[in-house]
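Down below is the structure, laid out as structure tokens.
Predicted model, so just to flag it, every value in this text is computed and none were measured.
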Amino acid sequence: MDLIYADENKIEIGVIPEYEFDIAFGSDENDFELTLDVSSHCCKAGYYIYIEDTEYGGIVDKIEIDTSAGTVIYTGRSWHGIIEKKVIEPPDGQDYKIVSGEANSILKELIADLSLDDLFTASSVESSINILYQFDRYTPAYTGILKMLLANDGKLQITHKSGKVILEAIPLYDYSNDEEWDSSQLSFSITKDLRPVNHLICLGGGNLKERHVIHLFTDENKGLQPYTMTDDPLSNADYILNKSKQVMEGIDEVSEVYDYSNAQDVFNYILLKTAPANWDKLYPDYYEKNGDDFKKLERQYADVYELLVGEPWDWSFVYPNYYCKDGTGYKQLSQEYTDVFQPLTSQPAEWASYYKNYYYKSGTKYKSVSGVEKIDYKIQKSQPKDWKKNYGDYKYYYSDGVTIEYKSVSGVAKYKYQLQTIQPSDWKTKYKSYFYKEPVYIYYYTEKVFNTGAKKWEKKILPYSQPQEEIKSRTFVRKYLKKDVQSYIYENLSLEKAPKWRTGTYYTKTSYQVAPTWKKNTYYTEVTSIVAPVWKSGMYYQRQSAESVPQWQKNKYYRLNKNVEQIPEWKSNTYYEQRIDNYADLVANGIERLKKLNASDSISIQLDATQSYDINDIIGTTENQTDISVYQPITKKIVKIKDHVETVEYKTGG
């Protein structure tokens, strides 16, 4: 295997002839060690070393000379380690980094966010993996990407090719289905926890009896039991806070306390469609949008002019303490104004802006014109930040050819297949409604063609959707290299009678709703405003005043009341109710804790390099004497190359 070295500008210099190369990546290490005879010293700090068309390679960070052994040792970050030393951070103003869409497109987005696009790139091939995933806060990037893909039955392939390190997401391969090893075939070490923690008592914020407590339960096969009463919990009332979902009891119960007093509260905001009861008194309990944030309504106070309903007994003496309307404001009395209301026969030019300056007749009285509520629909030219979560708050244009309507945006149904950890109650009668996972393979062949002009063999690795014939001739050689999973399909069980149920084999199909794909100039925000009423000739009046000696008139004069509370006018689709969720962060971290506690099963096995496995691929082994079996995703890969012979060790578990 040609080990190439290149300078800090990624310009290839040459091939290292004799070397000892150790590289480890996955759950830890993610670095390499390259040992040469000191006479073959060729690299500097910042140089790159790699084996083309493989994931073996990285950057030289440290150089060590051992004069007694006559060797030079280069160590550094592997491609995996370079990514791991970057951190996936929540966007400004947001609690978590959330991604959705096709897996390779997400990898491209992450590479750009991490400023690694000078060295790394994402595959342009459309994967069969669609993702909706929330990263842990401030997680190392390589660890976060592996967890994201494993949660969606995927794995990460890394390949150095023509000066670029290519990241590609593909479906993981469950090798335990077709090549489970046993102790008669090869040596390995396995660890299996037969009774892991199945009851985690999660303690969040608060003190004593006021502390937030929730119980997480698993079944006998580590399957997490429901802990909410809805798929999208918004407040504490949506969580199951009792022990009704406990499966393992008595001596089978293994409990542990998870103390997470720093659990963060999550604040959710629900758009109000109708006015709450006692709005006038309780409006400071609600919120309004303030850019991308939410601002609590505050009590506001202002000077208010109150219309006098009766003549003060000392009017003739104290009238200068009162006010009358003066255009859009109020003027303190210094003399009386007699109001005359004249009907308007034509619409004033300033009607739209100053309609409140005009009047309409109600019985024998004249009242100020009030605005009317108008609903407009503002087209969205760029995707709102809350689109993925609150898409239902937006509208789209619809017409049946007669009428026009703006309808609420509906979610798009997505389907996922959840692995069964306990036997369904209706298995024997309804087994055909369940599914099993069938891999779709892609086959790789090494093909060599003899170039008669250049008088040399040219080698390529080509994928095929079907197995090919192996060929060997004087000018062409095709040899099978490996097969990999291209995708998975889920098939309904179609047997004549129910098969024996096995854990980790069958799936339940469920659906969930996600935001539809954003399209520019397609969706609208509903905007409510108060505007002038439609003009009607002869219905409205203009007030005219004639100057005279002050004389009391009913419904004309005002008393000034200072610092009067200004209650906001209710507008639908404008205000929000805050719901506090004290359990979301506690549960998310509790689940991670439970996963670590239940990840004690492990396999350590050393193989030759004839079959290549990737991180997240699933392997299985059985020890014949004890009949103990372990099935685990690969979490670490250790590669050693000496005298051009490659050996690989795989490990599973935490």
Side-chain angles (χ1 to χ4, degrees), residues 1-86 116 118-120 140 142 158-166 186-189 446 456-457 459 461 604-615 634-651:
M1 304 177 76
D2 288 345
L3 182 63
I4 300 168
Y5 66 102
D7 66 16
E8 57 275 336
N9 297 314
K10 301 190 287 296
I11 298 174
E12 186 177 317
I13 299 174
V15 175
I16 300 173
E18 298 297 329
Y19 60 86
E20 231 181 275
F21 185 49
D22 291 358
I23 183 169
F25 47 88
S27 57
D28 59 10
E29 297 190 51
N30 295 305
D31 55 17
F32 68 84
E33 180 177 289
L34 173 63
T35 304
L36 309 178
D37 188 278
V38 71
S39 62
S40 300
H41 168 58
C42 57
C43 292
K44 299 178 182 179
Y47 273 29
Y48 297 94
I49 59 102
Y50 51 86
I51 297 174
E52 188 76 344
D53 295 324
T54 74
E55 61 184 329
Y56 307 154
I59 186 170
V60 176
D61 292 325
K62 182 179 176 182
I63 302 175
E64 178 185 345
I65 306 295
D66 186 344
T67 57
S68 61
T71 59
V72 57
I73 302 171
Y74 305 113
T75 56
R77 289 161 291 159
S78 64
W79 306 134
H80 322 74
I82 294 173
I83 303 172
E84 181 72 349
K85 293 302 180 182
K86 294 285 190 174
L116 291 175
D118 182 55
L119 175 62
F120 292 85
Y142 180 58
I158 300 179
T159 308
H160 185 280
K161 196 173 189 66
S162 303
K164 279 284 189 179
V165 182
I166 303 170
L186 69 170
S187 298
F188 51 79
S189 65
T446 301
K456 66 177 184 178
W457 289 89
K459 177 181 176 182
I461 297 176
S604 180
I605 187 166
Q606 183 168 308
L607 305 169
D608 62 26
T610 56
Q611 172 66 59
S612 178
Y613 307 92
D614 296 312
I615 306 297
I634 293 172
T635 58
K636 187 174 180 181
K637 187 173 180 178
I638 303 169
V639 181
K640 299 179 184 292
I641 303 176
K642 184 176 181 181
D643 298 329
H644 299 281
V645 176
E646 176 185 358
T647 59
V648 186
E649 182 178 351
Y650 298 93
K651 293 187 177 181

Minimum heavy-atom separation for [X] and [Y], please, with both atom names.
| X | Y | result |
| --- | --- | --- |
| Leu119 | Ile82 | CD2-CD1, 4.1 Å |
| Ile23 | Gly57 | CD1-N, 3.7 Å |
| Cys43 | Ile49 | SG-CG2, 4.0 Å |
| Val72 | Ile63 | CG2-CG2, 3.9 Å |
| Arg77 | Asp61 | NE-OD2, 2.9 Å |
| Ile638 | Ala24 | CG1-CB, 4.1 Å |

### With Lys637, the salt bridge (Lys or Arg N to Asp or Glu O under 4.0 Å) member among Glu55, Glu646, Glu649
Glu55

Side chain [X], main chain [Y], donor-acceptor under 3.5 Å:
| X | Y | result |
| --- | --- | --- |
| Thr35 | Ile73 | no |
| Tyr74 | Cys42 | yes |
| Glu18 | Leu36 | no |
| Glu33 | Asp22 | no |
| Asp7 | Asn9 | yes |
| Asp37 | Ser39 | yes |
| His644 | Pro17 | yes |

### Message
For Tyr650 together with Tyr613, are the ring centres under 6.0 Å from each other?
### Response
yes

### Query
With a cut-off of 6.0 Å (strictly less than), are more than 12 heavy atoms of other residues, nucleotides or ligands near NZ of Lys10?
yes

### Query
Is it the case that more than 12 heavy atoms not belonging to Lys62 sit under 6.0 Å from its NZ atom?
no

### Message
Taking Glu29 first and then Lys636, would you say they form a salt bridge - that is, a charged N and a carboxylate O separated by under 4.0 Å?
### Response
yes

### Query
For Tyr5, what residues pass the ring-ring contact (aromatic ring centres under 6.0 Å, His included) criterion, not counting sequence neighbours?
none

### Task
Under the ring-ring contact (aromatic ring centres under 6.0 Å, His included) rule, collect the residues that match up with Tyr48, sequence neighbours excluded.
none

### Task
Check the angle between the aromatic planes of Phe25 and His80 and answer parallel, tilted or perpendicular using the 30° and 60° thresholds.
parallel

#### Entry: Plane angle bin for Trp79 and His160 - parallel if under 30°, tilted between 30 and 60°, otherwise perpendicular
parallel

